[in-house]
Amino acid sequence: MIYKTKGVCATHIEYDIDKDGRVRNVKFHGGCNGNLKAMAKLVEGMTVAEVKEKLSGIGCGMRPTSCADQLVQAVTSEQKN
């Protein structure tokens with residue numbers, strides 16, 4: 001799946017959610033390359049609920065959102081569809 005981010009440096013996030021509700025294959029495009037690669041590895045295999053619990057509401061500088069928070073928006077938007 002692809003999620004177009006809002007209010008952050010990364011332009012979009014690619015990811016999968018497997019049949020067990022686990023987040024897989026996260027790839028950020030744009031943004032802080034090293035940090036986003038690390039975050040992608042850290043969330044690999046977490047459930048959507050775990051990602052939401054750990055990353056929801058994190059800001060970046062003066063921004064009310066961050067790439068981490070946008071990942072939460074992405075994976076939770078799939079549950080609404």
Side-chain angles (χ1 to χ4, degrees):
M1 291 161 255
I2 297 175
Y3 179 81
K4 186 172 177 1
T5 58
K6 299 164 194 76
V8 297
C9 298
T11 58
H12 63 283
I13 307 167
E14 291 183 56
Y15 63 96
D16 297 314
I17 298 175
D18 69 18
K19 64 181 177 170
D20 296 324
R22 296 193 177 272
V23 177
R24 305 280 184 196
N25 305 314
V26 175
K27 292 181 185 83
F28 288 86
H29 295 268
C32 303
N33 190 311
N35 290 334
L36 296 176
K37 283 180 182 176
M39 184 174 20
K41 283 188 176 218
L42 290 171
V43 301
E44 181 71 22
M46 283 186 181
T47 64
V48 170
E50 289 169 330
V51 172
K52 183 177 180 180
E53 177 187 335
K54 294 189 182 299
L55 302 179
S56 186
I58 294 174
C60 183
M62 298 300 290
R63 297 176 188 163
T65 191
S66 64
C67 291
D69 187 57
Q70 288 293 292
L71 178 59
V72 172
Q73 300 304 314
V75 299
T76 59
S77 71
E78 287 305 314
Q79 289 185 324
K80 296 173 192 169
N81 294 332

Do [X] and [Y] belong together in a cluster built from hydrophobic side chains that touch within less than 4.5 Å?
X	Y	value
Phe28	Leu42	no
Val72	Val26	yes
Val8	Ile58	no

(message) Donor-acceptor pair, distance only, cut-off 3.5 Å: does the side chain of Tyr3 make one with the backbone of Ser77?
(response)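 Not confirmed, Tyr3 side chain does not pair with Ser77 backbone.
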(request) Measure from the side-chain N and O atoms of Asp20 to the backbone N and O of Arg22, and report whether any donor-acceptor pair falls under 3.5 Å. (result)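 Such a contact is absent between Asp20 side chain and Arg22 backbone.
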(request) Under the side chain to side chain donor-acceptor pair (under 3.5 Å) rule, collect the residues that match up with His29, sequence neighbours excluded. (result)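 So His29 forms a side chain to side chain donor-acceptor pair (under 3.5 Å) with Glu14.
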Give, for atom [atom1] of [X] and atom [atom2] of [Y], the distance between the pair rounded to the nearest 0.5 Å.
X	Y	atom1	atom2	result
Thr5	Asp69	OG1	CG	11.5 Å
Leu36	Ser66	CG	OG	9.5 Å
Ile2	His12	CD1	NE2	5.5 Å
Thr65	Gln73	OG1	CD	6.5 Å
Lys54	Met39	NZ	CE	14.0 Å
Ile13	Leu71	CD1	CG	5.0 Å

(message) Are Val43 and Leu55 packed together at the side-chain level, in the sense that at least one heavy-atom pair is separated by less than 4.5 angstrom?
(response)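 Yes, close enough: below the 4.5 Å cut-off.
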(message) Show the nearest heavy-atom pair for residues Asp16 and Met1, with the distance to one decimal.
(response)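 That closest heavy-atom pairing would be OD1-N, 3.9 Å.
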(request) For residues Val23 and Val75, report the shortest heavy-atom separation together with the two atoms involved. (result)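 Result for this residue pair: CG2-CG1, 4.0 Å.
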(message) Looking at Lys6, I'd like to know if its NZ atom is crowded, meaning that more than 12 non-hydrogen atoms belonging to other residues, nucleotides or ligands lie closer than 6.0 Å.
(response)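 Buried by this count: over 12 neighbours within 6.0 Å.
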(request) Tell me, please, which residues at least two apart from Arg63 pass side chain to side chain contact (heavy atoms under 4.5 Å, CB included). (result)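 With neighbours one apart ignored, the set is Cys9.
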(message) Test of understanding: with side chain to side chain contact (heavy atoms under 4.5 Å, CB included), list the residues that count as partners of Asn35, not counting sequence neighbours.
(response)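 Applying side chain to side chain contact (heavy atoms under 4.5 Å, CB included) to Asn35 gives Cys32.
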